[in-house]
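Start at 1 and go down the list; that is how both ligands and their atoms are numbered.
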Amino acid sequence: MFGAVFYFCIMANQNDQFKKVISHAKEYGYVFQSSEIYDGLSAVYDYAQNGVELKNNIRDYWWKAMVQMHDNIVGIDAAIFMHPQTWKASGHVDAFNDPLIDNKDSKKRYRADVLVEDYVGKLDAKIEKEVKKAAKRFGDAFDKEEFVSTNPRVLGYKEKGETILKRLGKSLENEDLADVKALIEELEIACPVSGSRNWTDVKQFNLMFGTKLGASADSAMDLYLRPETAQGIFVNFLNVQKTGRMKIPFGIAQTGKAFRNEIVARQFIFRMREFEQMEMQYFIKPGTQKKWYEFWKEARLKWHLSLGLGEDNYRFHDHEKLAHYADAASDIEFRFPFGFKELEGIHSRTDFDLSQHEKHTGKKLQYFDPEENKSYVPYVVETSIGLDRMFLAIFSNALQEEELDNDTTRVVLKLPSVLAPFKAAVLPLVKKDGLPEIAHKIVEDLKWEFNVMYDEKDAVGRRYRRQDAIGTPFCITVDHDTLDNETVTLRERDTMKQQRVNISDLMASIKNEVDMKSWLKRM
Ligand code: GAP
């Protein structure tokens, strides 16, 4: 009983925190519901004036690290519409399905695998609770590793979770949907809305959106909106390899929109129907896939860690059930406000895609390896991250409520400064005495280098709070002393420390903190 109450408290806190994230994103101009004045469109969102800056900065941070910092990786921008045969070849027409189940009482639709995974998530929460309890009991002598590998209760939860996931993986692999339903019934999983266990059978549901190309109904061609950007890379593999004279191993990267008719479309921008991916396909010699898979797992984790969101907030989840194209796959999971969930996938895709496109087009998609003196279809290791999901990871991690010394609180968005929409706000202390003119001049000078904002409305304390909530790392205040000695106050968002600096030193002081180079060098 206590366990259930504790779990409920954790979930309630998580829900509260998540609600705060969603409302802050709206209130401070980050994310709006799409077509909100028409009551919105489910799982479709618009990025607002600050959101688009953050999103662009995340994309640039990825592009710099993945494309521009590698001599052997180039980028492309393929069209969203592709020849429909692409999706037959890739397996998406036949196998890009999710198992869905309906609750007959609430009429709500769920992904059957997600219901089971959420059940296992609750076991994980119980493990965390045991760890916290023990840490409190043993104090400094607590050894977490030893505890989780020896405590009978923790081991019991772990084993139960593993057994369930193994069975789920096997049933899905064998397309045994009856067993997935049986598992849901055996675990006594109830509909969160109706509370009942009155389930339909589990059915497969294809996630691709269809559309038409052409004006007349008779001649129109059925198309799909791409469900992943990767296929745009595969079909261009030979064009890029030849025109770029690329030698294996080499990568092709792109960022762009993808579309999926998700069954369970909740959790804000975590699972959307229209979203953006940042993907890189690394073409390698067959037989070397294990080495490159491990290489990219490590490289991608390092990229995440460079942003300083906390090592404990990431973990790998190696897949039991592999997608139709993969011989190994792992997710980098992040601790979102609703628990650890997939943020990025690293997949060893073998030669599946290129071979399939060869088969369906009758064209060779091979590489002549001068060292081996032979041609082969390259293998591929892919890194694939959702830009919106990365946005949510960063945004939710950054949003904090701090108790201050004077018994007040402040809401602060501690975004990594390299990604913040505005690097600085320039604030004249008053709207007279020539201070706005100096502030405007500072804005004019700094904006060549980074995004800066001018803000003169309200008392300066309120302006600091507003910039804290937007996540602006620096505030520059122009006051009457500035008139005498050309210095300003530079206030830092996270520490709230203030120092006096010369106007001529501002550019260097801020650049040092927000420069992509210094952040990426942490990798
Ligand atoms: N090309 C491989 C691929 O698309 P995936 O695991 O289906 O693999 C990769 O997707 C990443 O795309 C995920 O890790 C996630 O970050 C993001 N993603 C997938 N579906 C999404 C959705 N409906 N909404 C937002 N992001 C999504």
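Nearest-residue assignment for atom 9 (C) of ligand 1 (options S90, G386, S384; heavy-atom criterion): S384. In the candidate list F96, F259, F275, F275 is nearest to atom 26 (N) of ligand 1, counting heavy atoms.
Near E344, the atoms of ligand 1 lying under 4.0 angstrom from a non-hydrogen atom of the residue are 14 (O). In the vicinity of E262, heavy-atom distances shorter than 4.0 Å reach the ligand 1 atoms 20 (N), 22 (C), 23 (N).
By the criterion of a heavy-atom distance under 4.0 Å, the backbone of L343, and not its side chain, is placed next to ligand 1.
Remark: aromatic rings of Y379 and W292 are distant, center separation not under 6.0 Å.
Judged by distance alone, the side chains of S384 and E279 do bring a donor and an acceptor atom under 3.5 Å apart. Side chains of Y282 and N72: a donor-acceptor N/O pair is present below 3.5 angstrom, by distance only.
Ring geometry for F283 versus F237: interplanar angle of 30 to 60°, hence tilted. Classification of the F259-F209 ring pair by plane angle, with boundaries at 30° and 60°, yields perpendicular.
For atom 6 (O) of ligand 1, the nearest non-hydrogen atom of the protein is E342 OE2, 3.2 Å.
Each side-chain hydrogen bond (donor to acceptor under 3.5 Å, both in side chains) pair with one or both residues in residues 230-248, not counting sequence neighbours, appears once here: E228-Q231, Q231-D353, Q231-H357.
Not a single heavy atom of D388 sits under 4.0 Å from any atom of ligand 1. Under a 4.0 angstrom heavy-atom cut-off, H347 registers as being in contact with ligand 1. For the pair Q267 and ligand 1, no heavy-atom separation below 4.0 Å is found.
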